[in-house]
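Side chains are part of it too, since the values below use all heavy atoms of this structure and drop only hydrogens, waters and symmetry mates.
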Amino acid sequence: GGIGNTTLAGTVYKAEREKFDCHAWVSISQTYTREDVLRRLIIELFRDKHNVPSNIATMDTTAMQEELRMFLEQKRYLVTLDDVWAPEAYTDLFGALPPNLKGSRIIITTRIADVAHLAFPDQRILTLEPLSKDESWKLFCKKAFPDRECPAELQTLSEQIVCRCEGLPLAIVSIGSLLFVRNKTLEEWRRIHDQLSWEIINNPRLDHVRNVLHLSFIYLPTYLKSCFLYCALFPE
Ligand SMILES: Nc1ncnc2c1ncn2[C@@H]1O[C@H](COP(=O)(O)OP(=O)(O)OP(=O)(O)O)[C@@H](O)[C@H]1O
Ligand SMILES: [Mg+2]
C-alpha cells in the first residue's frame with residue numbers, strides 16, 4: 001500500500017469527470033456489501049441529473065442493478081471503484097455497469113494483480129513503480145521544507161533518510177511531514193536518522209518502509225497516538 005494508486009486515480013477522475021454525463025467514485029476496501037456499493041453508485045450517478053428513487057433505502061440488489069442498468073444504458077458514464085480486494089467485486093458490480101458505445105469508462109484501483117486481470121483481461125492495466133531517486137527527493141523537500149531549499153548541512157542526512165523510503169510515496173510523505181515539524185538542526189536530523197537506522201536493525205519484523213511509518217508513529221504526541229490506535233481498530 002501507499003504506492004499512489006488512489007492519488008493517480010483521483011487526479012484523473014477530477015480532471016476528466018466533467019466530460020461525462022454522470023460520474024461516481026466509490027471506495028470499496030476489504031469489507032464492503034454489494035447493496036451498500038450499489039446504493040452509493042445510484043446516489044452519486046443520479047445526482048443533479050435525475051431523481052434518486054425514493055425507495056432507495058429499501059431496494060434489494062436486483063432492483064438496484066436494474067435501476068442502474070436502465071439509467072446508464074444511454075449515458076456516457078465514468079465510475080471509479082477505489083481499492084478493490086476481492087475478485088468477486090468484479091462480478092458483484094460490473095453486471096450493473098452496462099457496456100455501451102458512448103465512451104463510458106470504469107477505473108479500478110487495487111493492490112491485487114488477480115483482481116486487475118479479472119476486471120481487465122484485455123490488459124489495460126497500469127502498474128505503478130516506486131518513485132525515482134529524483135522524484136523522491138523532490139517530494140520529500142516539498143513536505144519537509146515547503147517554503148525553502150534543504151539547508152546544506154542537512155542535505156546528506158536527508159538523502160540517507162529518503163533512501164530508506166525506497167521510493168514509496170506514503171513513506172516519503174510521512175517522514176517528510178514528521179521532519180517538517182521538528183527543529184531544522186543537525187542534532188535533531190541526526191537523532192531521527194539514527195533512530196531510523198536503529199529501528200531497521202532492531203526491528204527485523206518490519207520491512208524498511210514499515211520502519212519509516214513506525215517512526216512517524218513514535219513521534220506522534222501521546223493524544224494523537226491514542227487517536228491513531230483507535231482508528232486502526234476499524235477497517236479502512
Ligand atoms: N505521485 C505522487 N506525488 C506526491 N505524493 C504522492 C504521489 N503518490 C502518492 N502520494 C502520496 O502518498 C500517500 C499514499 O498514496 P495513496 O493513498 O494514493 O496510495 P495507494 O496506492 O492508494 O495506497 P493503498 O493501497 O493503501 O490504497 C498519500 O499521502 C499521497 O498524497
Ligand atoms: Mg488507495
Item to check | Heavy-atom side-chain proximity of Val212 to Glu199 below 4.5 angstrom | outcome: no
Checklist entry - Does a side-chain heavy-atom distance below 4.5 Å link Leu154 with Leu157? => result no
Item to check | Step-by-step side chain to side chain donor-acceptor pair (under 3.5 Å) determination, Tyr77 to His23 | outcome: CA-CA 6 Å; Tyr77 62 86; His23 52 81; over 6 Å; no
Checklist entry - Between Arg191 and Glu188, is there a side-chain N and carboxylate O pair less than 4.0 Å apart? => result yes
Checklist outcome for this item: In short, ring pair (Phe, Tyr, Trp, His ring centres under 6.0 Å) pairs touching residues 152-173 with sequence neighbours left out are none
Next on the checklist: In this structure, would Ile43 and Leu45 fall into the same cluster of hydrophobic residues linked by side-chain contacts under 4.5 Å?
Outcome noted: yes
Checklist entry - Is there side-chain contact between Trp189 and Ile192, with at least one heavy-atom pair below 4.5 Å? => result no
Checklist outcome for this item: Heavy-atom nearest pair, Ala96 first then Leu38, reads CB-CD2, 3.9 Å
Item to check | Working for side-chain contact (heavy atoms from CB on, under 4.5 Å), residues Asn100 and Gln74 | outcome: CA-CA 7 Å; Asn100 62 28; Gln74 297 302 322; over 6 Å; no
Item to check | Minimum-distance pair of heavy atoms, taken over all atoms of Tyr32 and Glu88 | outcome: OH-C, 3.9 Å
Checklist entry - Shared ILVMFWY cluster between Leu220 and Leu215, side chains joined below 4.5 angstrom? => result no
For residues 162-179, which side-chain N or O atoms pair as donor and acceptor with protein atoms under 3.5 Å away, sequence neighbours left out?
| residue | atom | partner | partner atom | Å |
| --- | --- | --- | --- | --- |
| Arg164 | NH1 | Ser197 | OG | 3.1 |
| Glu166 | OE2 | His208 | ND1 | 3.2 |
| Ser174 | OG | Leu170 | O | 2.6 |
| Ser177 | OG | Val173 | O | 2.6 |

Checklist outcome for this item: Closest non-hydrogen contact found for Thr110 with Val84 is OG1-O, 2.6 Å
Checklist entry - Considering residues, nucleotides and ligands other than Arg76, do more than 12 of their heavy atoms fall under 6.0 Å from its CZ? => result yes
Next on the checklist: Could you check whether any side-chain heavy atom of Arg17 comes within less than 4.5 Å of a side-chain heavy atom of Trp25, counting everything from C-beta outward?
Outcome noted: no
Item to check | Passing option when Leu72 is tested against Leu97, Leu41, Asp21 for side chain to side chain contact (heavy atoms under 4.5 Å, CB included) | outcome: Leu97
Checklist entry - Can Ile106 be reached from Ile125 by stepping across I, L, V, M, F, W or Y side chains whose heavy atoms are under 4.5 Å apart? => result yes
Checklist entry - Roughly how far, to the nearest 0.5 Å, is OG1 of Thr80 from CD of Glu16? => result 11.0 Å
Checklist entry - Would you say Asn55's side chain and Thr58's backbone share a donor-acceptor pair under 3.5 angstrom? => result no
Item to check | Note, Ser104 side chain near Leu78 side chain (heavy atom, < 4.5 Å) | outcome: no
Item to check | Verdict with supporting geometry, Leu128 and Leu8, side-chain contact (heavy atoms from CB on, under 4.5 Å) | outcome: CA-CA 9 Å; Leu128 288 187; Leu8 177 61; 3.8 Å; yes
Checklist entry - Can you find a pair of side-chain heavy atoms, one from Ile28 and one from Trp85, that are under 4.5 Å apart? => result no
Next on the checklist: Measuring from atom CZ of Arg111 to atom CG of Asn5, what distance do you get when rounded to the nearest 0.5 angstrom?
Outcome noted: 8.5 Å
Checklist entry - For the residue pair Arg34 and Leu93, what are the closest heavy atoms and their distance? => result CG-CD2, 4.4 Å
Checklist entry - Say you draw a straight line from CG of Leu81 to CD1 of Ile108; how long is it, rounded to the nearest 0.5 Å? => result 5.5 Å
Item to check | Reported CG-to-CZ distance for the pair Leu68 and Phe46, which is rounded to 0.5 angstrom | outcome: 6.0 Å
Checklist entry - Going through the checks in order, is the side chain to side chain donor-acceptor pair (under 3.5 Å) test met by Ser27 and Asp83? => result CA-CA 6 Å; Ser27 301; Asp83 202 21; over 6 Å; no
Next on the checklist: Considering only residues two or more places apart or on different chains, which pairs with a residue in residues 216-227 satisfy side-chain hydrogen bond (donor to acceptor under 3.5 Å, both in side chains)?
Outcome noted: Gln195-Tyr219
Next on the checklist: Minimum heavy-atom separation for Ala9 and Thr109, please, with both atom names.
Outcome noted: CB-CG2, 3.5 Å
Tabulate below the donor-acceptor pairs under 3.5 Å that side-chain atoms of residues 137-153 make, not counting sequence neighbours, or state none.
none

Checklist entry - CD of Gln65 to CE of Met70: how many Å apart, nearest 0.5 Å? => result 13.5 Å
Checklist entry - Is the shortest heavy-atom distance from the side chain of Lys102 to the side chain of Lys75 under 4.5 Å? => result no
Checklist entry - Out of curiosity, Leu196 CG to Asn211 CG, how far, rounded to the nearest 0.5 Å? => result 6.5 Å
Item to check | Hydrophobic cluster identity match, Val52 and Val79, side-chain contacts under 4.5 Å | outcome: yes
Checklist outcome for this item: Residues passing the ring pair (Phe, Tyr, Trp, His ring centres under 6.0 Å) test with His214, sequence neighbours excluded, are none
Checklist entry - In chain order, what residues pass the ring pair (Phe, Tyr, Trp, His ring centres under 6.0 Å) check against Phe180, with sequence neighbours excluded? => result none
Checklist outcome for this item: Nearest heavy-atom contact between Ala57 and Arg39 is O-NH2, 3.6 Å
Next on the checklist: With a sphere of 6.0 Å drawn around CZ of Arg190, does it hold more than 12 non-hydrogen atoms of other residues, nucleotides or ligands?
Outcome noted: no
Checklist entry - More than 12 foreign heavy atoms under 6.0 Å from CG of Leu101: is that the case here? => result no
Item to check | Verdict with supporting geometry, Ser158 and Gln155, side chain to side chain donor-acceptor pair (under 3.5 Å) | outcome: CA-CA 5 Å; Ser158 296; Gln155 176 96 17; over 6 Å; no
